[in-house]
Chemist: 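Before we start, here is the structure in question, set down as structure tokens.
Numbers here simply count residues along the sequence, with the first being 1.
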Amino acid sequence: MSTPALFSIHDVMPETLPQVASLIDEFQRRGRALPALLVVPGKAWTEAQVEQLRSWEQLGAELVAHGWHHHTTPRGLYHRLHALFLSRNVAEHLALDSAGVRALMQRSREWFGHHGLGLPDTYIPPAWALGIAPRELRELPFQRVETLRGVQLIDGDSVRFRPLPLLGFEADTAWRAAFLRRFNRQQLRQARRRSCPLRVSIHPQDGTLRLKNELFEALGGDFDDARYQQLSI
């Protein structure tokens with residue numbers, strides 16, 4: 001029995017659209033459904049670029065809200081350590097208080113409606129760094145919020161966490177490549193052992209980095225294409 005896979009492309013921004021388009025071509029050449037596209041709304045989008053998003057959405061891509069600027073200046077010891085070892089300078093939630101995080105998430109979602117795109121019901125914070133308590137998600141209009149370990153599923157006053165394995169390929173150093181190879185093997189074994197969906201997270205430049213062969217192997221793998229919208233309580 002094939003493992004369900006939630007393929008996604010992170011950091012969809014005006015400056016990354018050429019790389020995103022190249023990755024989408026790879027999906028189509030291999031007969032895969034279009035992946036979820038994690039769109040960063042707070043960039044300087046042109047109408048032509050928004051139209052490209054609209055075209056991919058019409059072809060079946062699931063649009064996901066992904067922060068606002070996707071950049072921040074680390075504040076406080078935890079944020080600086082997070083930036084140094086994991087997120088660099090993209091975990092923008094960690095620079096905000098809880099009210100600021102909720103406002104950012106709301107603004108991120110509303111951008112899609114203002115530009116004639118479907119309102120996303122899934123949110124993924126940059127670097128998976130949420131920065132608020134799961135109970136606060138009940139105040140927001142999302143049904144799913146993904147973090148590093150899995151997905152928070154929200155239905156009214158109910159919030160339930162579903163752990164889901166994760167593959168990543170963003171390896172621009174030898175250390176990151178070695179770590180991710182071991183991590184990905186363990187995560188794939190876990191998905192198959194538990195018979196649960198596997199998240200396959202791709203960044204726009206991954207097709208040129210040290211794990212590009214592993215990425216293209218995953219794209220050609222024996223996975224059943226799944227969608228975030230299929231995850232619910």
Side-chain angles (χ1 to χ4, degrees), residues 4-70 90 92 104-128 137 140-147 151-155 164 166-170 197-207 215-216 218-220 223-232:
L6 294 157
F7 284 94
S8 63
I9 300 178
H10 287 228
D11 307 350
V12 178
M13 303 180 272
E15 58 267 37
T16 65
L17 282 189
Q19 297 99 311
V20 172
S22 178
L23 287 168
I24 287 177
D25 286 345
E26 286 289 340
F27 275 82
Q28 293 178 315
R29 277 196 292 270
R30 295 163 188 268
R32 303 218 77 96
L34 263 63
L37 301 179
L38 278 59
V39 178
V40 181
K43 298 292 185 175
W45 290 89
T46 67
E47 180 52 40
Q49 291 164 343
V50 173
E51 180 58 36
Q52 178 64 82
L53 295 180
R54 193 174 295 117
S55 174
W56 285 331
E57 183 181 37
Q58 290 169 351
L59 289 173
E62 184 178 1
L63 301 186
V64 173
H66 188 50
W68 185 252
H69 291 303
H70 205 271
V90 306
E92 59 186 314
L104 183 151
M105 293 174 68
Q106 182 70 48
R107 183 168 70 251
S108 183
R109 182 176 188 267
E110 290 171 352
W111 179 89
F112 291 82
H114 292 157
H115 289 81
L117 301 165
L119 287 170
D121 49 21
T122 299
Y123 182 87
I124 301 178
W128 292 286
L137 299 176
L140 293 162
F142 293 103
Q143 297 176 27
R144 289 161 295 275
V145 175
E146 182 177 291
T147 58
V151 179
Q152 299 284 354
L153 302 172
I154 307 112
D155 184 3
L164 292 176
L166 170 71
L167 300 188
F169 306 93
E170 194 179 19
L198 173 72
R199 294 173 291 155
V200 183
S201 297
I202 304 167
H203 288 79
Q205 70 276 17
D206 286 354
L215 166 60
F216 295 130
L219 288 181
F223 297 114
D224 290 332
D225 294 318
R227 294 171 64 84
Y228 282 95
Q229 291 171 344
Q230 295 170 327
L231 299 176
S232 61

Chemist: To the nearest 0.5 angstrom, please state how far the CH2 atom of Trp128 sits from the NE2 atom of His10.
Modeler: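 Answer rounded to 0.5 Å: 4.5 Å.
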Chemist: Go through Asp225 and Phe27 one step at a time and tell me if the side-chain contact (heavy atoms from CB on, under 4.5 Å) criterion holds.
Modeler: CA-CA 11 Å; Asp225 294 318; Phe27 275 82; 5.8 Å; no
Chemist: Could you state the interatomic distance from CD (Glu51) to OG1 (Thr46), rounded to the nearest 0.5 Å?
Modeler: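 Answer rounded to 0.5 Å: 10.5 Å.
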Chemist: Might you point out which heavy atoms bring Thr122 and Val64 nearest each other, and give the distance in Å?
Modeler: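 Closest approach of Thr122 to Val64: O-CG1, 3.4 Å.
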Chemist: Shortest non-hydrogen contact from Pro18 to Pro14?
Modeler: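 For Pro18 and Pro14, the tightest heavy-atom pair comes out as CD-O, 4.3 Å.
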Chemist: Test Phe7 against Leu23 for side-chain contact (heavy atoms from CB on, under 4.5 Å), laying out the working first.
Modeler: CA-CA 11 Å; Phe7 284 94; Leu23 287 168; over 6 Å; no
Chemist: Taking the side chain from Arg54 and the backbone from His115, do they hold a donor-acceptor pair closer than 3.5 Å?
Modeler: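 At least one qualifying donor-acceptor pair exists.
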Chemist: Nearest heavy-atom pair of Gly113 and Leu119: which atoms, and what distance?
Modeler: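 Looking at all heavy atoms of both residues, the shortest contact is N-CD2, 3.6 Å.
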Chemist: Strictly distance-based, threshold 3.5 Å: is any side-chain N or O of Glu62 a donor or acceptor partner for the main-chain N or O of Gln229?
Modeler: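 Between the backbone of Gln229 and the side chain of Glu62 there is a qualifying donor-acceptor contact (under 3.5 Å).
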Chemist: Run the side chain to side chain donor-acceptor pair (under 3.5 Å) test against Gln106 and tell me which residues pass, sequence neighbours left out.
Modeler: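 Per chain and number, Gln106 pairs via side chain to side chain donor-acceptor pair (under 3.5 Å) with Glu110.
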Chemist: Would you compute the distance between atom CG of Leu140 and atom CE of Met105 and round it to the nearest 0.5 angstrom?
Modeler: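 Leu140 atom CG to Met105 atom CE measures 5.0 Å (nearest 0.5 Å).
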Chemist: Do side-chain atoms of Arg109 reach the backbone of Pro120 as a donor and acceptor pair under 3.5 angstrom?
Modeler: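 Side chain of Arg109 to backbone of Pro120: a pair is present.
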Chemist: Please name the pair of heavy atoms, one in Ser8 and one in Leu38, separated by the smallest distance, quoted to 0.1 Å.
Modeler: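 What the structure gives for the nearest pair is CB-CD1, 3.8 Å.
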Chemist: When rounded to the nearest 0.5 angstrom, what is the spacing between CG in Leu53 and CH2 in Trp45?
Modeler: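 It is 4.0 Å, given to the nearest 0.5 Å.
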Chemist: For the residue pair Phe223 and Ala5, what are the closest heavy atoms and their distance?
Modeler: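 Looks like CB-CB, 3.7 Å.
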Chemist: Do Tyr123 side-chain atoms and Gly67 backbone N/O form a donor-acceptor pair below 3.5 Å?
Modeler: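 Yes; at least one donor-acceptor contact below 3.5 Å.
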Chemist: Quick one: side chain to side chain donor-acceptor pair (under 3.5 Å) partners of Arg107, sequence neighbours excluded?
Modeler: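 In terms of side chain to side chain donor-acceptor pair (under 3.5 Å), with neighbours along the sequence ignored, Arg107 is linked to no residue.
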Chemist: Does Val40 offer a backbone N or O that forms a donor-acceptor pair with the side chain of His66 under 3.5 Å?
Modeler: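 Not a single qualifying donor-acceptor pair exists.
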Chemist: Step by step, work out the side-chain contact (heavy atoms from CB on, under 4.5 Å) result for Ser201 and Leu166.
Modeler: CA-CA 7 Å; Ser201 297; Leu166 170 71; 3.1 Å; yes
Chemist: Heavy atoms, side chains only, cut-off 4.5 Å: are Arg30 and Phe216 in contact?
Modeler: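 The answer is yes; the side chains approach within 4.5 Å.
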Chemist: Go through it in stages, so that I can follow the logic: the residues are Gln28 and Leu59, the test is side-chain contact (heavy atoms from CB on, under 4.5 Å), and I'd like the CA-CA distance, side-chain angles, deciding distance and then a yes or no.
Modeler: CA-CA 11 Å; Gln28 293 178 315; Leu59 289 173; 4.1 Å; yes
Chemist: Could you check whether any side-chain N or O of Glu57 sits under 3.5 Å from a backbone N or O of Gly118, counting only pairs where one atom can act as donor and the other as acceptor?
Modeler: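 Checked: pair present.
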Chemist: I need the Trp56 CH2 to Leu17 CG distance, nearest 0.5 Å.
Modeler: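 Output value for this atom pair is 5.0 Å.
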Chemist: In Å, rounded to the nearest 0.5 Å, how long is the span from CG of Asp121 to CG of Leu63?
Modeler: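 So the gap between those two atoms works out to 10.5 Å.
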Chemist: Taking all heavy atoms of Pro126 and all of Glu92, pick out the closest pair and write down the distance.
Modeler: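 Where Pro126 meets Glu92 most closely, the heavy atoms are CG-OE2, 3.5 Å.
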Chemist: Are Leu164 and Leu6 packed together at the side-chain level, in the sense that at least one heavy-atom pair is separated by less than 4.5 angstrom?
Modeler: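 Yes, at least one pair of side-chain atoms sits under 4.5 Å.
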Chemist: So, does Ser108 use its side chain to make a donor-acceptor pair with the main chain of Ala65 at under 3.5 Å?
Modeler: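 Checking the backbone N and O of Ala65 against the side chain of Ser108, no donor-acceptor pair under 3.5 Å is found.
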Chemist: Any heavy-atom pair between the side chains of Leu153 and Arg144 that's under 4.5 Å?
Modeler: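 SC-SC contact between Arg144 and Leu153 confirmed.
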Chemist: Phe169: which residues meet the ring-ring contact (aromatic ring centres under 6.0 Å, His included) condition with it, sequence neighbours left out?
Modeler: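 With neighbours one apart ignored, the set is empty.
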Chemist: Is there a side-chain contact between Leu117 and Val39, using heavy atoms and a 4.5 Å cut-off?
Modeler: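 They are not in contact (no side-chain heavy atoms under 4.5 Å apart), so the answer is no.
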Chemist: Any side-chain heavy-atom pair from Lys43 and Gln49 closer than 4.5 angstrom?
Modeler: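 Answer no - side chains too far apart.
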Chemist: Side chains of Ile24 and Leu37: closer than 4.5 Å at any heavy-atom pair?
Modeler: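 Yes - at least one pair of side-chain heavy atoms lies under 4.5 Å apart.
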